[in-house]
Amino acid sequence: MTVLITGALLYGEGDPTDVRVRDGEIVELGTGLAVRDGEEVLDATGLVLLPGFVDLHTHLREPGREDTETIATGSAAAALGGYTAVFAMANTDPVADSAVVVEHVHRRGLEAGLVDVHPVGAVTVGLRGEQLAEMGAMAASAAGVRVFSDDGHCVSDPLLMRRALEYATALDVVVAQHAEEPRLTVGAEAHEGPTAARLGLTGWPRAAEEAVVARDVLLARDSGARLHVCHVSTAGTAEVLRWARTTMPGLRVSAEVTPHHLLLDDSRLHTYDPVNKVNPPLREAADVAALRRALAEGVIDCVATDHAPHAPQEKDTEFAVARPGMLGLQTALSVVVEAMVRTGLLDWRGVARVMSERPAQIASLPDHGRPLEVGEPANLVLVDPDATWTVRGAELASIAANTPYEGMTLPGRVVATLLRGRVTARDGEVRPC
Ligand SMILES: NC(=O)N[C@@H](CC(=O)O)C(=O)O
């Protein structure tokens, strides 16, 4: 299968370039490349070519909640969002805490064939935070698990977290922590601050996140482990990470921020619409500004969606009982363009860094986030930087429709995604193999 991409702006820079892709690789770069017989041509005039995006944090809900998302529908959303690899969180039913479950998820991803689906293994049995899961068996399984997380729950017991990091060091895998001290967030519904106080919502204080991150970087320092901090949501956490990076040379700590924490703040909560309920919660405008700065400066490494589909009956209910979480895979690029590119904080090379290169490096994916050069794997995304589109939850590929961007017009549109040289999405349609 051969594809010729014509006139693309590589990383949004320089002269328009033609890119020939064959047998899963970039085989030729140049200008005026001739179209060969049987070749699919992608006219990329005015479009930006980047390495395909990598999402370290996705909830695909299969097994267990196929009424809200399946590995096939989530893979479609990912391909349409420009992703070539996603990491599927372990909070499924059954929990992905054994080789059997992670191998099942991996296999289902291969069957869907739209994006590389990497199962995340649970750190503790049943996500209960009591006993370590069989991390070694999951790492050694056919799924080759490289990222472990109890996401949705914090590994709050410091001794258990220390042990998890020690095992992770031995296995050379990453522990991704959902940083939330549970004793500080009992009954929490929204960010603790003036908005929650006015609305009568129980607060989720910043310190519940910041204290766990501070503890964990010290545990990572002592164990030499690779720690990844999920969904950083506060200015204070960014400061803890900055302090850790500057005072502890050799520290192997990385961090992600979600698109929604880069764009939305808790001023949206006055409607009590649970579409805005998410964990960690939307914070204040000053946090949003600090997170944007930290991402631009590399204090936060990457963007991860925390794509969290929920059924209507879990969202269209009272704020207090509604499930937290928002869709993210198909809107991530546009939100990053709005929050980071339009504001001048990142150029397209920066977008490639935070959405492709750093996440691939953090998860040790050798074939993703690679330079746009001859001989490199053709995991690619073509973006129209000037297009805008209006988000409609019902039109997204996910089964669930809980997008906080409903009706919003956002910039930047994914035109095509290529996985190992095969077009997986083009002009809003997916192409399963
Ligand atoms: N991020 C979310 O708001 N929700 C996540 C889990 C969680 O972190 O609570 C989910 O699985 O729905």
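Bear in mind that the values here come from a model prediction, so they are computed numbers and not experimental data. Read the numbers this way: they start at 1 and go in the same order the structure lists the ligands and their atoms.
The ring pair (Phe, Tyr, Trp, His ring centres under 6.0 Å) check on H260 picks up nothing, with sequence neighbours excluded. A search for side-chain hydrogen bond (donor to acceptor under 3.5 Å, both in side chains) contacts involving Q131 returns nothing, not counting sequence neighbours.
Every atom of ligand 1 is numbered from 1 in the order shown, and the set under 4.0 Å from a heavy atom of G152 is 6 (C), 7 (C), 8 (O), 9 (O). Annotation for ligand 1: atoms under 4.0 Å from non-hydrogen atoms of V278 are 3 (O).
Note: an N/O pair closer than 3.5 Å links D306 and ligand 1 by distance alone. Between N91 and ligand 1, an N or O atom pair is found at a separation short of 3.5 Å. Taking distance alone, with nitrogen or oxygen atoms compared against 3.5 Å, A308 stays at or beyond that limit from ligand 1.
Using a non-hydrogen distance threshold of 4.0 Å, R61 registers as a contact of ligand 1. Note on ligand 1: H310 sits in its first shell, one or more heavy atoms being nearer than 4.0 Å.
In terms of protein heavy atoms, atom 5 (C) of ligand 1 is closest to H59 NE2, 3.7 Å. Closest protein heavy atom to atom 3 (O) of ligand 1: N279 N, 2.9 Å. In terms of protein heavy atoms, atom 4 (N) of ligand 1 is closest to P324 O, 3.1 Å.
A donor-acceptor pair is defined here as one N or O able to donate and one able to accept, closer than 3.5 Å; such a pair exists between the side chain of Q177 and the backbone of V155. The closest donor-acceptor contact from the side chain of R215 to the backbone of S156 lies under 3.5 Å.
For the pair M135 and L171, the minimum side-chain heavy-atom distance is below 4.5 Å.
Under the 4.0 Å criterion applied to side-chain N and carboxylate O atoms, E192 and R283 are not assigned as salt-bridge partners.
Note: H153 and H178 fail the aromatic proximity criterion, with ring centroids not under 6.0 Å apart.
At a heavy-atom distance under 4.0 Å, only side-chain atoms of H178, from C-beta outward, approach ligand 1.
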